[in-house]
Amino acid sequence: GESVGLHLPTLSVQEGDNSIINCAYSNSASDYFIWYKQESGKGPQFIIDIRSNMDKRQGQRVTVLLNKTVKHLSLQIAATQPGDSAVYFCAEGHQGAQKLVFGQGTRLTINP
Amino acid sequence: GAVVSQHPSWVICKSGTSVKIECRSLDFQATTMFWYRQFPKQSLMLMATSNEGSKATYEQGVEKDKFLINHASLTLSTLTVTSAHPEDSSFYICSARDQVNTDTQYFGPGTRLTVL
């Protein structure tokens, strides 16, 4: 069945370093991908999205890369800060389907 | 923009009672809202998709008579947990899709339900 998974459940990085969070998806029909950040006790917060006609999109300190050949998605966070500590979820969707499919999440911890 | 609120943010109730959770899109109209539940250290599990003015579509395994969903307007959806039991204790989160940008879901802050 459809699934969106993450390569690493936890990731620890030093403050100021760059972080890369990975995500694999299995539905080749997916054409829309989103990264969400969820802090403890809060709802997911939209970070950045990308459509399948692109392979890279940049935001403020974040970059999402999409490799459709290997069905791989990544989120790069530049110069990580303590406030970046959270669980990050990738989600996939496709035209014609209302719902998103979420991955299992990666907990990012920033070490001082 | 794209702010979604939930009320209450937390609730404690006795077993057997019903609890209503509200989800509102504050600055946009949402034809579709979604209800999720999340257990500790787990991902979001979609419970149902709620379309304004029509019946909700429930995911497999979710009891429609236990989790009543109403989406009476373009800015409000409610989830009622009927005859709540301790196993219903969870973090319930709603999301809403903007009518204009129909792909992105914006999430509410969640409601922590504890059933004693």
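Small disclaimer: the values here were computed from a predicted structure and weren't measured. Quick note on labels: first sequence line is chain A, next is B, and so on, each numbered from 1.
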Undergrad: If you compare all heavy atoms of A:Gln38 against all heavy atoms of B:Phe91, which two are closest, and at what distance to 0.1 Å?
TA: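 Here A:Gln38 and B:Phe91 meet closest at NE2-CE2, 4.1 Å.
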Undergrad: Can you tell me how the ring of A:Phe46 sits relative to the ring of B:Tyr106, calling it parallel under 30°, perpendicular over 60° and tilted otherwise?
TA: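 Tilted: the ring planes of A:Phe46 and B:Tyr106 meet at 30° to 60°.
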Undergrad: Could you state whether B:Leu46 and B:Met33 fall into the same hydrophobic cluster, counting links through intermediate Ile, Leu, Val, Met, Phe, Trp or Tyr residues with side-chain heavy atoms under 4.5 angstrom apart?
TA: no
Undergrad: So which part of B:Gln6 gets closer than 4.5 Å to some heavy atom of chain A, the side chain, the backbone, both or neither?
TA: neither
Undergrad: Membership question, hydrophobic clusters at under 4.5 Å side-chain separation (ILVMFWY): are B:Phe34 and B:Tyr92 in the same one?
TA: no
Undergrad: If I measure from the heavy atoms of chain B, does A:Ile34 come under 4.5 Å with its side chain, its backbone, both, or neither?
TA: side chain
Undergrad: For the interface with chain B, which of A:Gly43, A:Pro44, A:Gly93 has the highest count of heavy-atom pairs at distances below 4.5 Å?
TA: A:Pro44
Undergrad: Does the side chain of A:Tyr32 come within less than 4.5 Å of B:Thr104's, by heavy atoms?
TA: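 Sidechains of A:Tyr32 and B:Thr104: in contact.
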Undergrad: Taking NZ in A:Lys42 as the centre, count heavy atoms belonging to other residues, nucleotides or ligands within less than 6.0 Å. Is the count above 12?
TA: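 Result for NZ/A:Lys42: open.
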Undergrad: With a 4.5 Å heavy-atom cut-off, do B:Ser43 and A:Gln104 have their side chains touching?
TA: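 A side-chain contact under 4.5 Å exists here.
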Undergrad: Within a 6.0 Å radius of atom NZ on A:Lys56, are there more than 12 heavy atoms belonging to other residues, nucleotides or ligands?
TA: no
Undergrad: Does the side chain of A:Lys99 come within less than 4.5 Å of B:Thr57's, by heavy atoms?
TA: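 They are not in side-chain contact.
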Undergrad: Take a 6.0 Å sphere around CD of A:Gln60 and say whether it holds more than 12 heavy atoms from other residues, nucleotides or ligands.
TA: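 No, not enclosed.
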Undergrad: Could you state the interatomic distance from CZ (A:Phe102) to CD (B:Gln38), rounded to the nearest 0.5 Å?
TA: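 It is 9.5 Å, given to the nearest 0.5 Å.
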Undergrad: I'd like to know if B:Val19 and B:Leu68 are part of one continuous hydrophobic network [Ile/Leu/Val/Met/Phe/Trp/Tyr, side-chain heavy atoms within less than 4.5 Å].
TA: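 No, B:Leu68 and B:Val19 fall in different hydrophobic clusters.
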Undergrad: For B:His7, does the NE2 atom have more than 12 heavy-atom neighbours from other residues, nucleotides or ligands under 6.0 Å away?
TA: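 No.
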